[in-house]
Enquirer: 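So that we are looking at the same thing, I have put the structure below in structure tokens.
Chain A is the first sequence line, chain B the second, and so forth, proteins listed ahead of strands; every chain is numbered from 1.
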Amino acid sequence: MPTHTLPGGVHFSPYPCAPNIERIDRNILPVLNKMTRYGILLDKTHFSNLAVELEEKIETVRLLIAMEVGKPGFNPGSSQQVSDLIYKDLGLKTYDESGTVRMPPTTHGGRYYSTDDKYLSGFADNPTVSLILEFRELDKMYGTYVRTIIGKADSDDRIRCRWNYADVVTGRLSSADPNMQNWPEVLRAGFIASPGCKLVSHDLSQIEMRVGAHESQDPTLMKAFHEGLDTHTMTAAYVFYRDLALTAIQDAMALVDKKTQRAPCKTVNFGIFYGQTAEGLQMGLAGMGIFQPLQWCQWLIDEWYRIYSGVTEYLHRAHYRARRYGMVWCMFGRSRLVPETKSALNGIISAGLRQAGNMPIQAGAQGIFKIGMYSLNHLYDAYEALGVVCRPLLQIHDEMISEVSEEVAQDFAEQGKSILETCVPLSVPLGCGYGIGNTWGDLK
DNA sequence: GATACTAGCGCG
DNA sequence: AAAGCGCGCTAGTATC
């Protein structure tokens with residue numbers, strides 16, 4: 001076990017005893033306590049300016065939509081009205097690749113067609129549809145985030161949310177009142193460091209994929225992480241330049257095209273542990289402006305399973321456990337019941353198997369991150385004992401946001417990186433990145 | 001007027 | 001029959 005020397009000369013070895021979920025969960029309580037107590041400082045001016053700006057834009061788009069639609073009282077915020085407008089009044093249809101009409105899934109008990117962005121984006125050249133999409137985006141930003149956040153600040157302008165500790169089946173935390181874990185990238189600039197401080201972020205890169213490598217012991221995937229390769233590019237190299245990749249992986253990787261080859265493989269890398277199907281992959285790629293036949297998507301997924309056969313075996317193992325025991329569990333022993341696998345309905349069974357394949361990965365990643373939080377707390381305490389500010393503010397699943405006195409921010413960032421990378425010994429190395437800035441938006 | 005549900009969408 | 005895991009929040013709609 002590596003030993004860390006903390007400020008003040010204190011030594012500690014990360015997690016000196018065998019981790020189990022009870023201990024892992026209990027040991028992050030001091031960190032949650034600090035996060036809850038300190039909260040994050042809100043830039044009120046930033047958000048009130050943004051609110052005015054958005055109100056004007058939304059009003060403009062509302063008027064444009066009204067002119068375009070011509071129906072009095074039309075509400076672009078109503079999915080039912082939007083559905084009737086697009087699929088009845090405008091008569092727009094979606095097609096499968098053979099050119100036959102295949103409408104989006106129905107909603108509201110079969111009475112409407114879905115107006116989800118992933119279906120409407122195909123109609124973006126229609127002026128009405130594009131205005132509705134624009135309205136939705138602006139309305140989401142304004143209604144969910146910008147308009148409401150100012151009133152949620154305490155008198156010291158700090159946002160203190162609830163950190164739910166036992167609500168998520170995979171062991172993740174969740175955040176509420178307000179949820180601080182789903183802020184859009186563009187709005188994060190409105191959260192700032194206290195005077196004299198910097199915000200510091202630490203994130204465990206590709207943690208779920210690394211847990212997947214550890215769980216499956218897949219030699220190809222493990223090798224990628226040991227050699228620090230870009231896994232998305234590597235996947236593409238094996239898929240598209242197989243023969244060359246087997247003898248000279250670096251040469252094959254150099255041939256990979258970012259848009260048409262790496263991006264689809266990145267999507268598969270993320271989707272595979274969720275049990276994504278060819279249809280889901282096709283939809284996901286289409287949202288990125290990449291259009292491929294269903295057969296191609298199926299081929300890519302099949303290739304993935306062939307290249308990473310160890311992962312395929314892992315998934316089979318999870319499915320076996322789910323069917324045999326009605327339960328799966330992660331490397332720390334956190335378990336999830338999957339009674340769905342005993343259903344008479346194939347759809348329910350499939351859903352249960354997807355959950356079974358995913359849970360050990362997400363839960364394993366979260367266990368590692370919680371151990372990381374516990375380890376990091378030694379660092380928070382050591383700096384605080386020296387009389388400087390050093391505290392956790394937010395946890396976003398695989399990322400910590402901390403607030404640290406300016407003069408120690410760089411040191412804290414580097415030590416935190418080292419601690420997180422060594423907090424749990426896996427069969428592949430962990431990777432931690434960090435960022436330092438004055439606002440949450442500056443950290444990436 | 002209060003409550004419950006749904007669709008849609010932000011994040012990892 | 002559905003077709004991607006895990007969340008929380010909002011507005012619209014349905015129901016009492």
Enquirer: Less than 3.5 Å apart, any donor N or O on the side chain of A:Glu414 or A:Gln410 sitting next to an acceptor on the other?
Expert: yes

Enquirer: A:Asp302 and A:Gln298: side-chain donor and acceptor closer than 3.5 Å?
Expert: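 Yes, a side-chain donor-acceptor pair sits under 3.5 Å.
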
Enquirer: Can you tell which of C:dC7, B:dC9, C:dC9 lies closest to the side chain of A:Thr144?
Expert: C:dC9

Enquirer: Counting the atoms with a prime plus P, OP1 and OP2 as sugar-phosphate, which does A:Lys152 contact under 4.0 Å by heavy atoms, base, sugar-phosphate, or nothing?
Expert: sugar-phosphate

Enquirer: Considering heavy-atom distances to DNA chain C, does A:Ser174 or A:Pro105 have its closest nucleotide positioned more toward the 5' end?
Expert: A:Pro105

Enquirer: Of all the choices, C:dT10, C:dG8, B:dG8, which nucleotide is nearest to the side chain of A:Ala176 once you look at every atom?
Expert: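 Of the candidates, C:dG8 comes closest.
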
Enquirer: When only distance counts, do a donor and an acceptor, one from the side chain of A:Arg172 and one from the base of B:dG12, lie under 3.5 Å apart?
Expert: yes

Enquirer: At less than 4.0 Å, is any side-chain N or O atom of A:Arg147 found next to OP1 or OP2 of C:dA11? Yes or no.
Expert: yes

Enquirer: Per the atom types in the model, does the base of B:dG10 pair as donor or acceptor with the side chain of A:Asn182 at under 3.5 Å?
Expert: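 Check passes, donor-acceptor contact within cut-off.
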
Enquirer: Do we see a donor-acceptor contact under 3.5 Å between the side chains of A:Thr233 and A:Asp230?
Expert: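 Note: A:Thr233 and A:Asp230 side chains meet the donor-acceptor criterion.
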
Enquirer: Using only side-chain N and O atoms of A:Thr115, determine if any of them is under 4.0 Å from OP1 or OP2 of B:dG8.
Expert: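 It does, given that an N or O in the side chain of A:Thr115 lies less than 4.0 Å from OP1 or OP2 of B:dG8.
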
Enquirer: Do any side-chain nitrogens or oxygens of A:Asn75 fall under 4.0 Å of OP1 or OP2 in C:dT13?
Expert: no

Enquirer: Could you tell me whether A:Phe273 contacts a base, only the sugar-phosphate backbone, or nothing, with contacts defined as non-hydrogen atoms closer than 4.0 Å?
Expert: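 Touches nothing.
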
Enquirer: Heavy atoms only, 4.0 Å cut-off, all strands: where does A:Gln80 land among base, sugar-phosphate and nothing?
Expert: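 Sugar-phosphate, backbone atoms only, no base.
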
Enquirer: Provide the distance between the two C1' atoms, one in B:dC5 and one in C:dG4, to the nearest whole Å.
Expert: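 To the nearest whole Å, 23 Å.
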
Enquirer: Determine whether the aromatic ring centres of residues A:Phe412 and A:His202 are separated by less than 6.0 angstrom.
Expert: yes

Enquirer: In whole Å, what is the span from the CD atom of A:Gln81 to the C1' atom of B:dG8?
Expert: 15 Å

Enquirer: Applying a 4.0 Å non-hydrogen cut-off, can you work out what A:Ser175 is touching in the nucleic acid: base, sugar-phosphate, or nothing?
Expert: sugar-phosphate

Enquirer: Any side-chain N or O of A:Gln355 less than 4.0 Å from the OP1 or OP2 oxygen of C:dG4?
Expert: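 Checking A:Gln355 against C:dG4: no side-chain N or O falls below 4.0 Å of OP1 or OP2.
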
Enquirer: Can you tell me if the side-chain N/O atoms of A:Ser78 get under 4.0 Å from OP1 or OP2 in C:dA11?
Expert: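 Answer no for this pair, as no side-chain N or O of A:Ser78 is under 4.0 Å from OP1 or OP2.
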
Enquirer: Please give, in whole Å, the distance from C:dA3 C1' to A:Met103 CE?
Expert: 18 Å

Enquirer: Is any side-chain N or O of A:Ser114 closer than 4.0 Å to OP1 or OP2 of B:dG8?
Expert: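 Checking B:dG8 against A:Ser114, a side-chain N or O does come within under 4.0 Å of OP1 or OP2.
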
Enquirer: Quick one: A:Leu54 CG to B:dG10 C1', roughly how many Å, whole number?
Expert: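 Taking atom C1' of B:dG10 as the reference, CG of A:Leu54 is at 15 Å.
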
Enquirer: Check every strand shown and say whether A:Met141 touches a base, only sugar-phosphate, or nothing at a heavy-atom separation below 4.0 Å.
Expert: sugar-phosphate

Enquirer: Tell me the interatomic distance from A:Ile361, atom CD1, to B:dG12, atom C1', rounded to whole angstroms.
Expert: 15 Å

Enquirer: Give one of base, sugar-phosphate or nothing for A:Glu208, where a contact means two heavy atoms less than 4.0 Å apart.
Expert: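 Touches nothing.
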
Enquirer: Give A:Glu185 one of three labels, base, sugar-phosphate or nothing, depending on what nucleic acid heavy atoms sit under 4.0 Å from its own.
Expert: sugar-phosphate

Enquirer: What distance, rounded to whole Å, do you find between the two P atoms, one in C:dA3 and one in B:dA7?
Expert: 12 Å

Enquirer: In whole angstrom, give the distance that lies between atom CG of A:Leu443 and atom P of B:dG12.
Expert: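 Computing the A:Leu443:CG to B:dG12:P distance gives 13 Å.
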
Enquirer: Of all the nucleotides listed (C:dG8, B:dT6, B:dG10), which has the minimum atom distance to the side chain of A:Pro184?
Expert: B:dG10

Enquirer: Please tell me if A:Arg111 has a side-chain N or O lying less than 4.0 Å from either OP1 or OP2 of B:dT6.
Expert: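 No.
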
Enquirer: Only pairs with both distances under 3.5 Å count, Watson-Crick or wobble alike; so what is the partner of C:dG4 in this structure?
Expert: none

Enquirer: Please check the phosphate of C:dG4 (OP1 and OP2 only) for any side-chain N or O of A:Thr277 closer than 4.0 Å.
Expert: yes

Enquirer: For B:dA2, which nucleotide is its Watson-Crick or G-U wobble mate, given both distances must be under 3.5 Å?
Expert: C:dT15

Enquirer: What's the CG-P distance between A:Asp116 and C:dA3, to the nearest Å?
Expert: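 In whole Å, C:dA3 P and A:Asp116 CG are 12 Å from each other.
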
Enquirer: What nucleotide among C:dG6, C:dT10, C:dC9 has an atom nearest to a side-chain atom of A:Thr148?
Expert: C:dT10

Enquirer: Atom CD of A:Glu279 to atom P of C:dA2: distance rounded to whole Å?
Expert: 13 Å

Enquirer: For the residue pair A:Arg317 / A:Ser216, report whether a side-chain donor-acceptor contact shorter than 3.5 Å exists.
Expert: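 Note: A:Ser216 and A:Arg317 side chains miss the donor-acceptor criterion.
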
Enquirer: Establish, from distance only, whether the side-chain atoms of A:Ser83 and A:Arg111 form a donor-acceptor pair under 3.5 Å.
Expert: no

Enquirer: Would you say the side chain of A:Met209 lies within less than 4.5 Å of the side chain of A:Phe225, judging by non-hydrogen atoms?
Expert: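 Contact flag for A:Phe225/A:Met209 side chains = yes.
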
Enquirer: Could you work out the separation of B:dG8 and C:dA2 based on their P atoms and round it to a whole Å?
Expert: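 Each nucleotide's P atom is 15 Å from the other's.
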
Enquirer: Take the angle between the ring planes of A:Trp296 and A:Trp299 and call it parallel below 30°, perpendicular above 60°, tilted in between.
Expert: tilted

Enquirer: Nearest whole Å is fine: how far is C:dA3 C1' from A:Gln276 CD?
Expert: 10 Å

Enquirer: With a 4.0 Å cutoff (strictly under), does any side-chain N or O of A:Thr170 reach OP1 or OP2 of C:dG6?
Expert: no

Enquirer: So what does A:Asn346 hit on the nucleic acid, given a heavy-atom distance under 4.0 Å: a base, only sugar-phosphate, or nothing?
Expert: base

